[in-house]
Number of protein chains: 2
Amino acid sequence: MSDLLTRLREQGWRLTAQRRVVAEVLDGEHVHLTADEVHARAVDRLPEISRATVYNTLGELVQLGEVLEVSTDGRAKRYDPNAHHAHQHLICSVCGTIRDVHPSADPLAALPDAERFGFAVSGAEITYRGLCPDCRAAT
Amino acid sequence: MSDLLTRLREQGWRLTAQRRVVAEVLDGEHVHLTADEVHARAVDRLPEISRATVYNTLGELVQLGEVLEVSTDGRAKRYDPNAHHAHQHLICSVCGTIRDVHPSADPLAALPDAERFGFAVSGAEITYRGLCPDCRAAT
DNA sequence: TCCTAACTTGGACTTTGTCTAAGTCAACAC
DNA sequence: GTGTTGACTTAGACAAAGTCCAAGTTAGGA
């Protein structure tokens with residue numbers, strides 16, 4: 001993650017305590033946190049950090065391509081620090097747990113020209129849904 | 001759509017004016033409307049219909065499998081009446097236009113067992129992103 | 001050490017959606 | 001047709017997620 005801080009500085013970022021803390025939270029646990037969860041963890045380290053700053057910083061990290069935004073359920077967006085390795089998501093329909101997964105085929109290749117309607121198609125996200133082992137066991 | 005009304009009645013639905021109007025709005029234009037857009041169009045036909053009823057009715061249609069919910073951007077959910085034919089979505093990154101598309105391969109087949117982590121995987125949604133012809137021309 | 005543009009803050013505000021209590025009405029029985 | 005009843009609808013309050021703004025603070029260069 002020191003890589004990340006270096007890259008950000010090269011982009012002209014001011015390295016404030018708040019931004020450092022947000023970056024550390026995302027780096028610390030490889031999970032998919034909501035903005036409010038990031039804020040809660042950031043507050044543990046820097047009690048006076050505001051919600052607005054967390055939102056701003058997350059938005060900037062997304063702009064810079066350092067973090068991915070995942071909108072899966074129409075509720076809060078989740079932030080995925082694993083932005084430098086292509087992957088898709090597998091989500092438990094019951095508890096919402098998210099795993100990164102790696103399909104064997106590129107979904108873009110499966111979209112024929114006739115199905116592109118003149119769009120310049122630039123990417124594809126796949127959301128797999130199912131029941132995680134814990135939720136299977138619970139039923 | 002009279003099919004739809006018939007199916008709904010068979011499910012024990014009371015056929016109220018409000019529900020009929022919501023069903024007609026979704027049937028009338030094969031687009032992907034937000035709940036508020038559905039409400040706006042419903043009000044044109046039945047001025048006293050309330051937002052709560054539109055939300056309730058859309059939720060019921062989704063439960064019954066007659067309409068799909070599409071959450072693509074963390075903003076408002078969109079409702080897709082084309083629930084009886086498997087398809088995926090292609091979305092313009094600029095204007096948000098959504099098209100139904102039909103990839104040539106089943107995305108489920110591209111997820112190896114080793115990448116399922118014990119989940120009972122039940123489905124996959126692909127969101128293709130790109131620039132629509134209008135937005136390409138505008139740049 | 002100073003300066004200043006960039007950053008942060010708290011709170012107001014917006015959007016999207018949910019909930020509730022009270023009133024209305026579709027469908028069935030007669 | 002008329003009455004009955006539980007399902008449905010309504011308006012408005014509420015909640016969650018996110019944005020915006022004016023005022024205060026500060027990182028980093030001069």
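Letters go in sequence order (proteins before strands), and every chain restarts at 1.
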Any side-chain donor paired with an acceptor under 3.5 Å for A/H85 and A/D100?
no

In short, A/I91 meets A/G96 closest at the heavy-atom pair CG2-O, 4.0 Å

When you match B/R75 and B/W13 each to their closest nucleotide on DNA chain C, which lands nearer the 5' end?
B/R75

Does B/T34 put a side-chain nitrogen or oxygen below 4.0 Å from OP1 or OP2 of C/dT16?
no

Quick check: on DNA chain C, is the nucleotide nearest A/E60 upstream (toward 5') of the one nearest B/A35, or the reverse? Name the residue that is more 5'.
A/E60

Nearest whole Å is fine: how far is D/dT19 P from B/D73 CG?
11 Å

Is B/A52 touching bases, backbone alone, or none of the nucleic acid, heavy atoms closer than 4.0 Å?
base

In terms of the angle between their ring planes, are A/H32 and A/H89 parallel, tilted or perpendicular, with boundaries placed at 30° and 60°?
perpendicular

To the nearest Å, give me how far apart CG (A/N56) and C1' (D/dC21) are.
12 Å

A/W13 versus A/L64: any side-chain heavy-atom pair under 4.5 Å?
yes

Candidates D/dT10, D/dT9, C/dT16 - which lies nearest the side chain of B/T16
D/dT9

What is the distance from CG of A/L58 to P of D/dA17, rounded to the nearest Å?
14 Å

Without decimals, in angstroms, what is the distance between B/R9 CZ and C/dA26 C1'?
10 Å

So does A/R14 reach the base of C/dA5 with its side chain, donor to acceptor, closer than 3.5 Å?
yes

Please answer whether the main-chain N or O of B/T34 pairs with a side-chain N or O of B/E37 as donor and acceptor at a distance below 3.5 Å.
yes

Starting at atom NE2 of A/H39, determine the distance to atom P of D/dA17, rounded to an integer number of angstrom.
14 Å

Is A/R19 touching bases, backbone alone, or none of the nucleic acid, heavy atoms closer than 4.0 Å?
sugar-phosphate

Quick one: is A/Q18 getting a side-chain N or O under 4.0 Å of the C/dT9 phosphate, OP1 or OP2?
yes

Would you indicate, yes or no, if C/dT9 has its OP1 or OP2 atom less than 4.0 angstrom from a side-chain nitrogen or oxygen of A/T53?
yes

Taken to the nearest whole Å, OH/A/Y55 to P/C/dA12 is 18 Å

Base of D/dG18, side chain of A/R51 - is there a donor-acceptor contact under 3.5 Å?
yes

Provide, to the nearest angstrom, the distance between the CG atom belonging to B/L8 and the C1' atom belonging to C/dA27.
16 Å

Rounded distance (Å) that lies between atom C1' of C/dA27 and atom CZ of B/R20
13 Å

